[in-house]
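Accompanying notes for the structure given below.
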Amino acid sequence: MSACAREALNHALTTHKVRSVFQPIWNVDGQWLGFEALTRFWNGCPPDQVFSAVTDAKELEALDAIAITQAIERASRLPGKLFVNISALSTAQIPLWSRYTENERIIWEITETHPLTEDGIKAISWLKDHGHVLALDDAGIQFSTKQRLEALRPQIVKLSLSIVHEWANGLPDSLRQWVKWAKLHGALIIAEGIEAREWIHKLQDEGVHAVQGFALGRPEEAETWEQHDFTTLTLPRFS
């Protein structure tokens, strides 16, 4: 683990605090869907570097719990669904977290950084039996493989930034394959990493249902988004 990641992790575990920011997610027709909660650390260490570097299951569970708690608390006045990230190693803990499992707006994004355990698979079955919605995060990256898709059978598949950017650069095969696999499970498909609004109609033609990225809204703290009038919130024309 890098010094940057260890510093960030130790600070979060000691203070029980991280910074939460929120990025909007839109349906391809321009209608509002919700936010993804993203974690930021006090020293600026990239969050993917911190989460992927944690190998101790107890530390990772504690970090996930802190990040999720902070995100839910700070998003209390934001509308729509709330997508929260959780590592595959921590999924077994979700049924024990009543404060989270009683929140019907949460969508659990299973991240790509760690393998899924047998206990995790059992917990995922429990979540589905109790009406929770699961998302496969960053499809095509690290452990977010076709095999994980088959194991999770999530209601939502989020296509990684790298796959979307390959598609935008004229290499559509990976995106189209993932769209095909996701549709076999009846999953809603979200494309991440949108950097140009003119991509959206073309992605809709590819079978994508929703979009997220800098062109549609950067991650901001909840207070910034609370200034918007969500009663009439639609995304302006894409092109």
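What you see below is based on every heavy atom in this structure, not just the backbone, and it leaves out hydrogens, waters and symmetry mates.
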When you compare the side chain of Pro47 with that of Arg40, does any pair of heavy atoms fall below 4.5 Å?
yes
Would you say the side-chain atoms of Ser144 pair up with the backbone N or O of Asp137, donor to acceptor, closer than 3.5 Å?
yes
Side chain proximity check, Phe214 to Pro219, heavy atoms < 4.5 angstrom
yes
Do Arg74 and Gln70 make a side-chain contact, defined as non-hydrogen atoms from C-beta onward lying under 4.5 Å apart?
yes
Any donor-acceptor N/O pair, Asp29 side chain to Gln31 backbone, under 3.5 Å:
yes
Spell out, as yes or no, whether a donor-acceptor pair under 3.5 Å connects the side chain of Asn85 to the backbone of Ile110.
no
Does Glu109 reach the side chain of Ile156, with side-chain heavy atoms less than 4.5 Å apart?
no
Is there a donor-acceptor pair closer than 3.5 Å between any side-chain N or O of Gln23 and the backbone N or O of Gly217?
yes
For residues Thr113 and Gln142, is any side-chain donor paired with an opposing acceptor at under 3.5 Å?
no
More than 12 heavy atoms of other residues, nucleotides or ligands under 6.0 Å from CD of Glu118: yes or no?
no
Just checking Lys202: does its NZ atom have more than 12 heavy atoms from other residues, nucleotides or ligands closer to it than 6.0 angstrom?
no
For Ser90 and Glu61, the nearest pair of non-hydrogen atoms, with its separation, is OG-CA, 3.4 Å
Is there a side chain to side chain contact (heavy atoms under 4.5 Å, CB included) between Glu150 and Lys146 once you walk through the steps?
CA-CA 6 Å; Glu150 298 291 340; Lys146 182 187 179 186; 3.9 Å; yes
What one should report as the nearest heavy-atom pair of Pro79 and Phe35 is O-CD1, 3.9 Å
Looking only at heavy atoms, which two atoms of Trp42 and Ala8 are closest? And how far apart?
NE1-CA, 3.9 Å
If only atom types and distance count, is the side chain of His209 paired as donor or acceptor with the main-chain N or O of Ile189 below 3.5 Å?
yes
Same cluster or not: are Phe143 and Ile141 linked, directly or through other Ile, Leu, Val, Met, Phe, Trp or Tyr residues, by side-chain heavy atoms under 4.5 angstrom apart?
no
If only atom types and distance count, is the side chain of Asn27 paired as donor or acceptor with the main-chain N or O of Gly30 below 3.5 Å?
no
State whether the side chain of Thr14 and the backbone N or O of His11 hold a donor-acceptor pair below 3.5 Å, judged by distance alone.
no
So, does Arg197 use its side chain to make a donor-acceptor pair with the main chain of Ala215 at under 3.5 Å?
yes
For the atom pair CD1 (Ile68) and CD1 (Ile94), what is the distance rounded to the nearest 0.5 Å?
6.5 Å
Does any part of the side chain of Lys128, heavy atoms only, come nearer than 4.5 Å to the side chain of Leu134, both counted from C-beta?
yes
As an exercise, state the distance from CG of Leu38 to OG of Ser20, rounded to the nearest 0.5 Å.
9.0 Å
Looking at His185 versus Trp181, is the centre-to-centre ring distance below 6.0 Å?
no
In short, Lys183 meets Gly207 closest at the heavy-atom pair NZ-CA, 3.6 Å
How long is the span from the CZ atom in Phe83 to the CD1 atom in Ile107, to the nearest 0.5 Å?
3.5 Å
Between Trp26 and Leu33, is any pair of side-chain heavy atoms under 4.5 Å apart?
no
Taking all heavy atoms of Gly34 and all of Trp32, pick out the closest pair and write down the distance.
O-CH2, 3.5 Å
Between the side chain of Trp225 and the main-chain N/O of Phe22, is any donor-acceptor distance below 3.5 Å?
yes
Give the ring-plane orientation class for His132 versus Trp126, where under 30° counts as parallel, over 60° as perpendicular and anything between as tilted.
parallel
Go through the steps to decide whether Thr111 and Phe51 satisfy the test side chain to side chain contact (heavy atoms under 4.5 Å, CB included), and finish with yes or no.
CA-CA 10 Å; Thr111 61; Phe51 281 95; over 6 Å; no
Minimum side-chain heavy-atom gap Asp64-Leu60 below 4.5 Å:
yes
With a 3.5 Å distance limit and no angle check, can you tell me whether Thr224 reaches the backbone of Glu220 through a side-chain donor-acceptor pair?
no
Using the rule that two of Ile, Leu, Val, Met, Phe, Trp, Tyr join whenever any of their side-chain heavy atoms come within less than 4.5 Å, decide whether Leu136 and Leu116 are in one cluster.
yes
Is the closest basic N to carboxylate O distance between Glu104 and Lys81 below 4.0 Å?
no
Find out whether Pro24 and Gln212 are in side-chain contact, i.e. whether some heavy atom of one side chain is under 4.5 Å from a heavy atom of the other.
no
Nearest 0.5 Å, what's the NZ-CG distance between Lys17 and Leu13?
14.5 Å
Distance check, rounded to the nearest 0.5 Å: Lys180 atom NZ versus Leu184 atom CG?
7.0 Å
With a 3.5 Å cut-off and sequence neighbours excluded, list the donor-acceptor pairs that the side chains of residues 159-168 form with protein atoms.
{"unit_1": "Ser160", "atom_1": "OG", "unit_2": "Ala139", "atom_2": "O", "d": "3.2"}
{"unit_1": "Ser160", "atom_1": "OG", "unit_2": "Ser162", "atom_2": "OG", "d": "3.1"}
{"unit_1": "Ser160", "atom_1": "OG", "unit_2": "Ile163", "atom_2": "N", "d": "3.3"}
{"unit_1": "His165", "atom_1": "NE2", "unit_2": "Gly193", "atom_2": "O", "d": "2.8"}
{"unit_1": "Trp167", "atom_1": "NE1", "unit_2": "Glu206", "atom_2": "OE2", "d": "3.0"}

Between Glu221 and Arg19, is there a salt bridge with N-O shorter than 4.0 Å?
yes
With clusters defined by side-chain heavy atoms of hydrophobic residues (ILVMFWY) lying less than 4.5 Å apart, directly or transitively, does Leu188 cluster with Val208?
no
Working for side chain to side chain contact (heavy atoms under 4.5 Å, CB included), residues Leu9 and Met1
CA-CA 10 Å; Leu9 175 63; Met1 182 183 293; 3.9 Å; yes
Where do Gly120 and Thr91 come nearest, in terms of heavy atoms and distance?
CA-OG1, 3.2 Å
With hydrophobic residues grouped by side-chain heavy-atom distances under 4.5 Å, do Leu127 and Leu149 end up in a single group?
yes
Could you go through Ile190 and Ile25, starting from their C-alpha distance and side-chain angles, then the distance that decides it, and tell me whether this counts as side chain to side chain contact (heavy atoms under 4.5 Å, CB included)?
CA-CA 8 Å; Ile190 300 176; Ile25 303 173; 4.2 Å; yes
So Glu36 and Lys158, salt bridge (charged side-chain N to carboxylate O under 4.0 Å, His left out) or not? Walk me through it.
CA-CA 11 Å; Glu36 179 181 0; Lys158 298 190 77 178; 3.0 Å; yes
Same cluster (ILVMFWY, side-chain, under 4.5 Å), Val18 and Val54:
yes
